[in-house]
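Predicted model only: the values in this text are computed from it and were never measured. Counting convention: from 1, in listed order, for ligands and their atoms alike.
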Amino acid sequence: MIFGLKKLPLTLVTLLNDDEATPIRMIGQKMVPILALPDGRFMPESMDIVRYVDGVEGAPLLAPGGDTAVAAWLEESRTYVSPLVMPRWVEAPLEEFATESARQYFIRKKEAMKGPFATLRARTPELLDQANQHLQALAPLIRSESAVHGALSEDDIHLFATLRSLSIVKGMEYPPLVEAYRRHMAAQSAIPLHDAMAQ
Ligand SMILES: N[C@@H](CCC(=O)N[C@@H](CS)C(=O)NCC(=O)O)C(=O)O
């Protein structure tokens with residue numbers, strides 16, 4: 001998102017989900033995202049990367065964020081986001097799941113934490129209902145389609161990341177301002193939504 005917002009060039013490399021060797025070589029653990037710097041160093045931690053890139057060229061775009069209402073909304077969304085999106089991501093044509101072994105790695109790891117994906121899938125009606133009701137509560141928190149607080153902040157990074165995750169789910173009902181926001185943020189940050197592959 002930050003590269004798109006700043007209009008900075010980026011070479012995006014997607015690792016297969018079961019590739020442990022590459023991230024461990026770079027940052028000592030199996031985790032993404034990782035920023036590879038031109039001098040050969042590697043930077044982990046998404047918000048460290050966002051802040052670093054925001055400061056690289058021109059004036060920083062993002063205000064600090066940390067609005068309590070947005071943070072509370074995001075925290076509440078955690079009850080339904082993972083159970084809805086995880087079983088769907090592995091069925092979608094995503095680069096990180098391009099091999100059967102990458103899919104199985106993710107399924108094994110996440111099922112150990114969240115339970116069988118088949119069970120999560122079976123909870124779809126209840127989870128969708130919860131998500132759609134919760135989206136109604138998000139609309140009044142959005143000041144503008146171009147930024148949740150009117151001007152860009154780190155809250156936009158967190159909020160759009162969650163809305164983008166949810167875009168893999170068919171049957172989501174976005175209130176008009178939430179719909180305008182997620183479309184505007186996708187265009188502004190050059191991060192496509194998953195609407196076309198929603199299941
Ligand atoms: N605090 C880290 C968390 C990163 C994180 O949780 N990454 C997940 C993917 S979104 C990951 O790499 N998990 C390892 C795995 O699933 O094997 C950050 O914000 O960058």
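- The closest approach between any non-hydrogen atom of K110 and ligand 1 is below 4.0 Å.
- For atom 17 (O) of ligand 1, the nearest non-hydrogen atom of the protein is K109 NZ, 2.4 Å.
- Under the 3.5 Å distance criterion, with hydrogens and angles disregarded, no donor-acceptor pair is assigned to the side chains of N132 and Y174.
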Exercise for the section: Run the numbers on H194 and W89 for ring pair (Phe, Tyr, Trp, His ring centres under 6.0 Å), then give the verdict. Expected result: CA-CA 10 Å; H194 287 148; W89 279 336; 7.6 Å; no
Practice task
I would like to know whether Y105 and D19 meet side chain to side chain donor-acceptor pair (under 3.5 Å); could you show each step before the answer?
Solution key: CA-CA 9 Å; Y105 178 98; D19 181 355; over 6 Å; no
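- Close contacts of ligand 1 with K30, meaning ligand atoms under 4.0 Å from a residue heavy atom, involve 14 (C), 15 (C), 17 (O).
- For atom 19 (O) of ligand 1, the closest non-hydrogen atom on the protein side is S46 OG, 2.5 Å.
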Handout entry: Worked verdict on E154 versus R51 for salt bridge (Lys or Arg N to Asp or Glu O under 4.0 Å)
Key = CA-CA 9 Å; E154 289 182 8; R51 288 173 195 136; 2.8 Å; yes
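- Proximity to P33 (heavy-atom distance under 4.0 Å) selects the following atoms of ligand 1: 20 (O).
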Practice task
Test side chain to side chain donor-acceptor pair (under 3.5 Å) on E126 and Q130 and set out the steps.
Solution key: CA-CA 6 Å; E126 161 226 335; Q130 198 186 338; over 6 Å; no
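- The cationic group of R182 does not satisfy the cation-pi geometry with F160, failing either the under 6.0 Å distance to the six-membered ring centre or the 45° limit from the ring axis.
- Scanning the protein heavy atoms around atom 3 (C) of ligand 1, the nearest turns out to be M31 SD, 4.0 Å.
- Considering backbone and side-chain N/O atoms, V32 comes within less than 3.5 Å of an N/O atom of ligand 1.
- When the options E45, H158, E20, M113 are ranked by their closest heavy atom to atom 1 (N) of ligand 1, first place goes to E45.
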